[in-house]
Amino acid sequence: MMTSHEIRKAFLDFFVSKQHLIVPSAPMVAKNDPTLMFQNSGMAQFKDFFLGNATPPATRIADTQKCLRVSGKHNDLEEVGFDTYHHTMFEMLGNWSFGDYFKTEALHWAYELLTEVYKLPKDRLYVSVFEGDKKDNVPFDQEAFDIWKSILGSDERIIYGNKKDNFWEMGDVGPCGPCSEIHIDLRPEEEIARKPGKDLVNADHPQVVEIWNVVFMQFERRADGSLDVLEDKCIDTGMGFERLCMAIQGKQSNYDTDIFQNTIQVLEEMSGLKYGANGTLSSDNYGDVAMRVVADHIRAVAFAITDGQLPSNNGAGYVIRRILRRAIRYGYSYLNFKEPFMSKLVPVLAKQFKDVFPELKQQEEFVTKVIEEEEKTFLRTLDMGLKRLDQIFENEADKKEIDGKTVFELSDTFGFPVDLTALIAREKGFKVDEAGFKAELAKQKERSRKDATKEAADWFEVNELDNPSYIGYDHQEAVTKLVQYRKVKTKKGEEFHVVLEQTPFYAEMGGQVGDTGVLEFKTPKSEFTLEVVDCQLEAGLHVHIVKKAPFEDISIEDLRAAQVTAKIDKTRHSNIIKNHSATHLMLAALREVLGDHIVQRGSYQNDEVTRFDFSHFSKVTDEELQKVEDIVNTKIRQNIALDERRNVPIDEAMTLGATATFGEKYGDFVRVIIFDPKFSIELCGGNHVPATGEIGLFKFTSEGSVSAGVRRVEAVTGIKALERLREQEAIINELKAVMKSPQDLVASIKALQEEKTALQKKVEALENEKLQNVKLDLLKTVVEKDGAQLISAKVEVANADALKQLTYDLKAKLEKPYVVLGTELNGKPLLAVMIDDSLVSDTLHAGKIVKEAAKEMRGGGGGQPHFATAGGSDVNGLQKAIEKAVSFL
RNA sequence: GGGGGAUUAGCUCAGUUGGCUAGAGCGUUUGACUGGCAGUCAAAAGGUCGCAGGUUCGAUUCCUGUAUCCUCCA
């Protein structure tokens with residue numbers, strides 16, 4: 001039997017023999033395509049070639065591509081594991097022709113590979129051709145039909161496919177064309193005798209499956225819906241590797257192939273459960289389902305992390321977190337893993353894929369650590385949720401239902417997955433109020449939406465100018481005109497938004513805050529100055545935000561004629577750009593010190609500080625931070641001139657080795673910021689210092705964690721860094737002065753602390769001793785009354801605790817105490833009542849006694865049946881209160 | 001950006017009409033038993049109840065602000 005490794009190799013070797021260039025898989029995380037989070041098909045990385053935006057390295061290419069799908073027609077994450085053939089991550093084998101060969105070769109080779117190399121039985125194969133679509137004005141694919149007929153010798157295994165199954169389009173416009181699929185029937189003979197496989201093609205049967213899709217790109221869709229015939233026709237094929245292996249290895253399930261069996265065997269050892277004990281296909285056996293879920297998900301997560309996507313709380317990172325958590329959940333619930341287990345599977349995969357995807361082996365340790373951290377965090381979350389659930393089961397034992405609000409609270413506040421709640425509830429015989437949950441979720445969404453919206457009036461157009469422009473890269477001041485303004489109501493009040501023809505104000509973007517400054521208006525009748533508190537980008541416009549503006553009192557003619565001088569706050573701006581340029585240097589230095597896995601996760605620069613989040617799995621040590629500081633400050637001292645390049649084609653920028661930030665969208669032309677081409681090259685639209693020397697000084701102020709796998713550092717630059725150092729110095733100097741300039745400041749403070757603790761203990765001991773004397777005196781005043789030993793007195797103590805202590809001490813010395821003690825503390829009366837447990841009854845209850853008695857001193861109180869305290873505000877009533885308390889006996 | 005929650009001993013956490021000498025388990029220290037290890041038993045030490053205000057006779061508990069962490073939504 002061919003191993004999966006051999007099957008993959010045979011594919012690539014076959015196409016090498018047909019003069020194809022083999023290229024490596026693109027990273028699974030789509031870094032340069034803003035429309036995609038992950039590679040979702042074999043052709044995604046070649047999109048630019050089909051669109052004609054780039055030239056392929058060869059006209060014939062073949063590869064295996066790592067793909068990830070979690071949503072779509074057949075890929076709902078929640079379904080994976082319940083059947084035998086759906087996956088989150090999968091490999092797509094493909095061969096491509098860019099204006100080279102077309103249908104004849106593509107179909108002949110496909111058939112040759114399947115039947116000659118892989119030796120798949122011919123009588124189990126079916127092929128489909130496009131039947132045509134009148135509405136779209138696309139004809140029946142006669143060409144493909146004829147080719148297949150000549151290959152197969154007859155048309156009895158050819159199926160006609162409709163537009164949905166057999167016409168392929170990349171988007172609303174662009175290259176498209178019919179396709180031909182090859183299906184295989186893997187059912188046992190007796191079933192085939194009962195029902196011919198031809199009837200089951202494209203019918204979602206787990207054993208009659210499509211294994212290869214050959215797309216003929218021969219048209220181009222225009223915006224008006226019409227089709228043009230392409231000059232350079234292309235071939236785009238995709239063969240699902242996991243399914244192919246199932247077919248060749250004669251298995252009933254993708255999970256029975258050696259691709260997944262390594263992992264599953266380890267899972268069996270770890271869990272002590274046997275996979276497939278009740279029949280492999282069973283979706284009722286949750287142990288089996290769980291193993292499939294884990295085996296599938298660990299691949300997806302491990303390779304996603306390898307390709308640069310850490311689990312996080314939004315975007316692509318959240319997708320990875322959800323996949324990982326789903327696997328942990330299944331392992332936890334059905335395989336009885338209560339401790340991190342996913343991370344232990346990474347070495348299995350690293351070994352299995354070391355020849356085809358060596359990147360996992362290279363980053364084995366890192367990937368393991370990230371997954372383990374994430375597992376620990378989530379297991380803690382699960383534990384908390386389970387405890388809460390247990391309480392709910394106890395409290396609602398008679399209702400047998402968990403209301404929607406509680407379910408929502410579990411998920412919203414404690415991150416406990418809704419379906420897990422439902423699952424556990426079912427096991428306990430509880431129902432879950434799903435409608436109520438959905439209502440709560442809708443409310444939450446509404447809240448978030450509502451908050452996001454501000455009430456904005458329509459723009460009031462003053463001057464019609466279609467091209468407002470930003471000139472801040474070259475100027476800090478502009479003499480210009482008012483284009484439009486509007487009034488906006490926010491939660492905090494009212495503000496005006498102003499758009500100018502030209503502006504030197506940078507609008508917040510890429511982490512750099514917006515500029516502030518002034519707008520000086522000169523109209524024919526008046527002059528006034530507006531203070532700009534912020535500048536934000538909206539639909540490509542620089543929107544200046546001002547708190548007050550007299551626009552409504554000025555005629556439209558005068559506004560139109562107004563000359564506006566826009567000036568940014570230069571000092572603030574210069575502090576901001578120091579921080580921004582320093583951030584670039586810092587990123588480069590971090591990568592140098594910590595490694596290439598350092599990827600920007602977020603950044604923020606204002607005039608005070610630069611804050612930078614990046615992916616890294618452990619605390620950055622003080623030594624590492626110092627190294628980074630040293631590198632950055634060295635680069636500052638080298639006074640490297642800014643090399644700023646505008647309108648660089650994105651491909652050219654990437655060739656330069658530019659660092660692009662994941663999650664940022666880039667156009668075809670980008671701005672590149674270079675400080676020493678060997679050190680820092682970044683795609684960036686922000687403002688920078690003309691030379692690094694201007695930054696002056698760079699100093700970290702903090703390092704910490706934002707979430708698992710992400711660290712946050714903050715740093716200051718320039719005058720702010722100096723100010724900070726001075727502040728610290730001032731504190732130390734002041735401390736020294738206060739401590740009378742000791743030789744070792746730290747040691748003397750420690751000594752002071754120790755001394756203080758010792759003295760405190762001494763005072764306590766003395767007070768206790770004093771209390772003992774009071775106690776002895778009081779013991780002499782014991783009066784027998786109704787079988788109880790009564791002590792009542794007004795005493796002097798240091799604090800409320802001492803009074804408490806005294807009553808307990810007295811209790812210990814007496815057989816059947818009834819103690820009433822009062823004291824005056826800070827001008828307020830305090831009362832304590834202690835009665836023997838044997839005396840406690842409905843009427844003789846310390847809490848009640850004290851409450852009644854406290855009325856005498858205008859106060860209240862409470863406590864336990866045998867001991868209670870009360871306070872009040874009238875010292876003069878203390879004596880009466882004591883008497884009152886005594887009178888209860 | 002908005003909502004919810006958490007913050008109590010070295011660690012993990014309990015602690016409701018505001019008054020319970022602020023607790024448990026693990027860990028630490030000491031003592032006893034044992035030939036030693038391990039263990040068992042007994043005892044002890046260890047707390048600004050995140051921080052700052054406020055309400056109250058009295059706040060770990062209620063309110064406001066703030067910091068940090070968790071979590072959901074956008």
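Every value quoted in this text rests on a predicted model; they were computed, and no experiment measured them. Convention: sequence-line order gives letters A, B, ...; per-chain numbering from 1.
Nucleotide B:G36 has no partner under the Watson-Crick or G-U criteria, as no pair reaches both atom distances under 3.5 Å. The pairing partner recorded for B:U12 is B:A24, the criterion being a Watson-Crick or G-U wobble arrangement whose two distances lie under 3.5 angstrom. As the counterpart of B:U68, B:A6 is assigned, both hydrogen-bonding distances of the Watson-Crick or G-U wobble pattern falling under 3.5 Å. The partner of B:U61 is absent, by the rule that a Watson-Crick or G-U pair needs both atom distances under 3.5 Å. Here B:C41 sits opposite B:G31 as a Watson-Crick or G-U wobble pair (both hydrogen-bonding atom distances under 3.5 Å).
Nucleotides B:G50 and B:A14, compared at atom P, are 14 Å apart to the nearest Å. Only the C1' atoms considered, B:G2 is 33 Å distant from B:U17, to the nearest whole Å. One P atom belongs to B:U61, the other to B:G54, and the distance between them is 14 Å to the nearest Å.
The side chain of A:Lys443 places no N or O atom within less than 4.0 Å of a non-bridging phosphate oxygen (OP1 or OP2) of B:G3. Neither OP1 nor OP2 of B:C70 sits under 4.0 Å from any side-chain N or O of A:Arg321. A sub-4.0 Å separation between OP1 or OP2 of B:C20 and a side-chain N or O of A:Lys804 is present.
Residue-level contact check: A:Gly415 touches the backbone only, with heavy atoms under 4.0 Å from sugar-phosphate atoms and none from bases. Counting any heavy atom pair closer than 4.0 Å across all strands shown, A:Phe867 reaches sugar-phosphate atoms only and no base atom. As judged by a 4.0 angstrom heavy-atom cut-off over every strand, A:Arg322 is placed among residues making no nucleic acid contact.
Counting only heavy atoms from C-beta on, A:Arg325 has its side chain closest to B:C72 among B:C57, B:C72, B:U21. In this structure, the nucleotide among B:U17, B:U21, B:G58 sitting nearest to the side chain of A:Gln864 is B:U21.
Rounded to a whole Å, the NZ atom of A:Lys851 is 13 Å from the C1' atom of B:G58. Counting to the nearest Å, the P atom of B:A6 and the CZ atom of A:Phe416 are 18 Å from each other.
Between the CD atom of A:Glu434 and the CG atom of A:Leu441 there is a distance of 12.0 Å, given to the nearest 0.5 Å.
Residue A:Asp412 places a side-chain atom within donor-acceptor reach of the base of B:G3, judged by atom type and a 3.5 Å distance cut-off alone.
Counting non-hydrogen atoms of neighbouring residues, nucleotides and ligands closer than 6.0 angstrom, the CD atom of A:Glu796 reaches no more than 12 such neighbours.
With ring centers used as reference points, A:His544 lies under 6.0 Å from A:Phe505.
Within the 3.5 Å criterion, the main-chain N or O of A:Tyr506 finds a donor-acceptor partner in the side chain of A:Asp515.
By the 4.0 Å N-to-carboxylate-O rule, A:Lys405 lies too far from A:Glu440 to be salt-bridged with it.
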